[in-house]
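Notes for the one structure printed next.
All of these numbers come straight from a predicted model, not from anything done at the bench. Labels below follow one simple rule: chain letters A, B, ... track the order of the sequence lines, proteins then strands, and each chain is numbered from 1.
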Amino acid sequence: MKTLNIAKRIIRQIINDKRSLALILIAPVFIFTLIYLLLGNSDYKANIAESGLQPQIIEYVENQGITVDTLAVNEGKEQVKDSKIDAFLYNDGNGIRLVFRTYDAVKTGLIQKSIANAMKELSTKSSVQVEYIYGESSGNLFENIGYVMLGIIAFFIIFIIAGVSFVKERTNQTMERLMMTPVRRWQVMLGYTLGFGFFAMLQSIILLAYAIWVLHMTVSGSAVMAGIIMVLLAMSAVCIGSFFSIFSNSEFQMMQFIPIVVIPQIFFSGLISLDTLPYHLGLLSKIMPVYYACSALKNVMIIGGGLSDIWPDLLALFAFILLFSVLNILTLKKYRKI
Amino acid sequence: MQVCIDHVSKKFKKQQVLKDINMKIENNEIFGLIGPSGAGKTTLIRLVIGAIEADNGTIQIGDIQIPSLDALKIIGYMPQNEALYEDLSGYDNLMFFGSMYGMKKAELKKRLQGVLELVELWDASRKKVSTYSGGMKKRLSLAAALIAEPSLLILDEPTVGIDPLLRRKIWEQFRQLKSLGKTIIITTHVMDEAEMCDRVALINNGGIIACDGLDTLLSRTKNHLIEDLFIESEEINP
């Protein structure tokens, strides 16, 4: 009961504080829209060539505003190399190959997406093999960055809100006063986690619904599962945010943790491929909750995986929540020995 | 509620904050802890509540050994600064603190009006605390300490920064609470408040210089001034 009352108090406080509420609910949608506009929805009219493809596919692709010429394989590759066309699509007998000159977030994304749509629409079984003439494939279209951004936004905003509100409770000494009532330390921590968890849930639902219905982001797996991953990540952000608030004596000092706690996690979230990093730096990702959440989100949203594919990631998120909750309960001893 | 403090010492790092404190606060009295800032008043209060543990000695409230979660159920604590949730209304603040004592909603609602009327905040109770004046916050903080009908009230400098008129009103409330059978421990460094306590303990440099009714204490001094008691102790114990 006390736990729920603490959760209710947090919820009421945030609802009364319109700025925080807007930061939790509106800012993510704004950031996400921005990313979508920057990376995804371009007016660019792509210009490609094909060789030996089914006419239905070509027609479908053309209907999406892409000009498609027909060229011989050698000629097509040559033209891609000379940047005369954006991509060359051909059937080499084993499957369909898509050749780009180099990776370009907008063009590659645009073309890849419409071809993928065409294949899906016409339920063609064969997969598309993407090749780059220069540089390695790192296949990042909006959809591929989108899931990462969902994770980062969920973590970042809740980390800040929870951390700052904890610092506030310490500096105006309401935390001390709360600990002078017959409430147990675990009830306090659980109440906080639930209270912020409520907003984490609200935020995840709004952001996902917006991404799926307004921005037409495709989710191969279950959207509910994606929501659960985001909520778990946000819960870990509550626990980690409150933990780091112990080392801050003011709201500004909490902000100083952003470059230490948040920014590295952005780099290790899957934006950059981790197995190519030198000195085994990729291993650092193992201590970052955003990494686990993003790999689970990728699995669900891009690959279409289910619980059986992502349970180790979920387990890791639970472990973070548990670890930092225990640490937080212990640090409350500072206020009361029992 | 009787409070027994028995040979209590407390060190923070290397600094001895309290040394060998012995005193007994009787049931149903207003007991004042008086001393300059930094004397150890707040530390003593935190020890009594159980926020920190004594290095030596024991503290008992009634027959409960401190620190104890059970003791917190019968203690109402008002910290030195307001410590209220600014984003919530006065009403919601009290609802919250009440629920932390395990009070049921219906019971709380009944109690709330009485407490809010006592501190004259009933009309403003639906407003956010961030809109309150300093005096209103102080009174709400007192109400929060009273909400669970504690039998022991521990008030850390409850009247600092409050105008004389309001201070008098708050003291009337203390006396009324005493008539309801409550025990009240108050810290203050305002000497005229000491006169309103049944008994006072003078604290300086982490030790108790004297503990008795104020009149008795003053009769020992030449000029009938509390300050003299502190100055004398400095002369004996420089």
Can you tell which part of Ser141(B) gets under 4.5 Å to a heavy atom of chain A, answering side chain, backbone, both or neither?
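Ser141(B) touches chain A through backbone and side-chain heavy atoms alike.
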Heavy-atom cut-off 4.5 Å, strictly under: side chain, backbone, both or neither for Ile52(B) against chain A?
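Answer is backbone: N, CA, C or O of Ile52(B) sit under 4.5 Å from chain A.
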Given that the side chain runs from C-beta out, which part of Met179(A) has a heavy atom under 4.5 Å from chain B: side chain, backbone, both or neither?
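Contact with chain B: backbone only.
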Please flag which part of Ile15(A) lies under 4.5 Å from any non-hydrogen atom of chain B: side chain, backbone, both or neither.
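No part of Ile15(A) comes within 4.5 Å of chain B.
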Set out, in order, the CA-CA distance, both residues' side-chain angles and the distance that settles side chain to side chain contact (heavy atoms under 4.5 Å, CB included) for Met180(A) and Ile75(B), then state yes or no.
CA-CA 9 Å; Met180(A) 294 299 105; Ile75(B) 298 176; over 6 Å; no
Inter-residue atom distance [X].[atom1] - [Y].[atom2], 0.5 Å rounding:
{"X": "Leu88(B)", "Y": "Ile10(A)", "atom1": "CG", "atom2": "CD1", "value": "9.0 Å"}
{"X": "Ser99(B)", "Y": "Leu4(A)", "atom1": "OG", "atom2": "CG", "value": "10.0 Å"}
{"X": "Asp17(A)", "Y": "Lys128(B)", "atom1": "CG", "atom2": "NZ", "value": "6.5 Å"}
{"X": "Met1(A)", "Y": "Lys104(B)", "atom1": "CE", "atom2": "NZ", "value": "7.5 Å"}
{"X": "Glu53(B)", "Y": "Lys333(A)", "atom1": "CD", "atom2": "NZ", "value": "9.0 Å"}

So do Glu82(B) and Thr174(A) actually touch side chain to side chain, heavy atoms under 4.5 Å?
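They are not in contact (no side-chain heavy atoms under 4.5 Å apart), so the answer is no.
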May I ask you to test the Gln13(A)-Asp92(B) pair for a side-chain heavy-atom distance under 4.5 Å?
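Sidechains of Asp92(B) and Gln13(A): no contact.
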For Arg336(A) and Leu72(B): C-alpha separation, side-chain torsions, deciding distance, then whether side chain to side chain contact (heavy atoms under 4.5 Å, CB included) applies.
CA-CA 11 Å; Arg336(A) 197 180 70 195; Leu72(B) 290 173; 3.5 Å; yes
Would you check if there is a donor-acceptor pair between the side chains of Tyr77(B) and Arg177(A) at a distance under 3.5 Å?
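No - no donor-acceptor pair under 3.5 Å links their side chains.
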Under the 3.5 angstrom rule, does the side chain of Asp87(B) hit a backbone N or O of Asn16(A) as a donor-acceptor pair?
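No, Asp87(B) side chain to Asn16(A) backbone: no donor-acceptor pair under 3.5 Å.
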Counting N and O atoms only, with roles assigned by atom type, does the side chain of Lys73(B) sit under 3.5 Å from a partner on the main chain of Pro182(A), one being a donor and the other an acceptor?
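Checked: no pair found.
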Exceeds 12 heavy-atom contacts within 6.0 angstrom, atom [atom1] of [X]:
{"X": "Arg12(A)", "atom1": "CZ", "result": "no"}
{"X": "Arg184(A)", "atom1": "CZ", "result": "no"}
{"X": "Tyr210(A)", "atom1": "OH", "result": "yes"}
{"X": "Phe247(A)", "atom1": "CZ", "result": "yes"}

Could you tell me which non-hydrogen atom of [X] sits nearest to which non-hydrogen atom of [Y], and how far apart they are?
{"X": "Leu69(B)", "Y": "Val183(A)", "result": "CD1-O, 4.0 Å"}
{"X": "Asn81(B)", "Y": "Asn172(A)", "result": "ND2-O, 4.0 Å"}
{"X": "Tyr85(B)", "Y": "Arg9(A)", "result": "OH-NH1, 2.9 Å"}

Which one of Pro150(B), Ala144(B), Ala71(B), Ala148(B) has the most heavy-atom pairs closer than 4.5 Å to chain A?
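Counting heavy-atom pairs under 4.5 Å, the top option is Ala144(B).
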Are any of the side-chain nitrogens in Glu176(A) or Arg46(B) under 4.0 Å away from the carboxylate oxygens of its partner?
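A salt bridge links Glu176(A) with Arg46(B).
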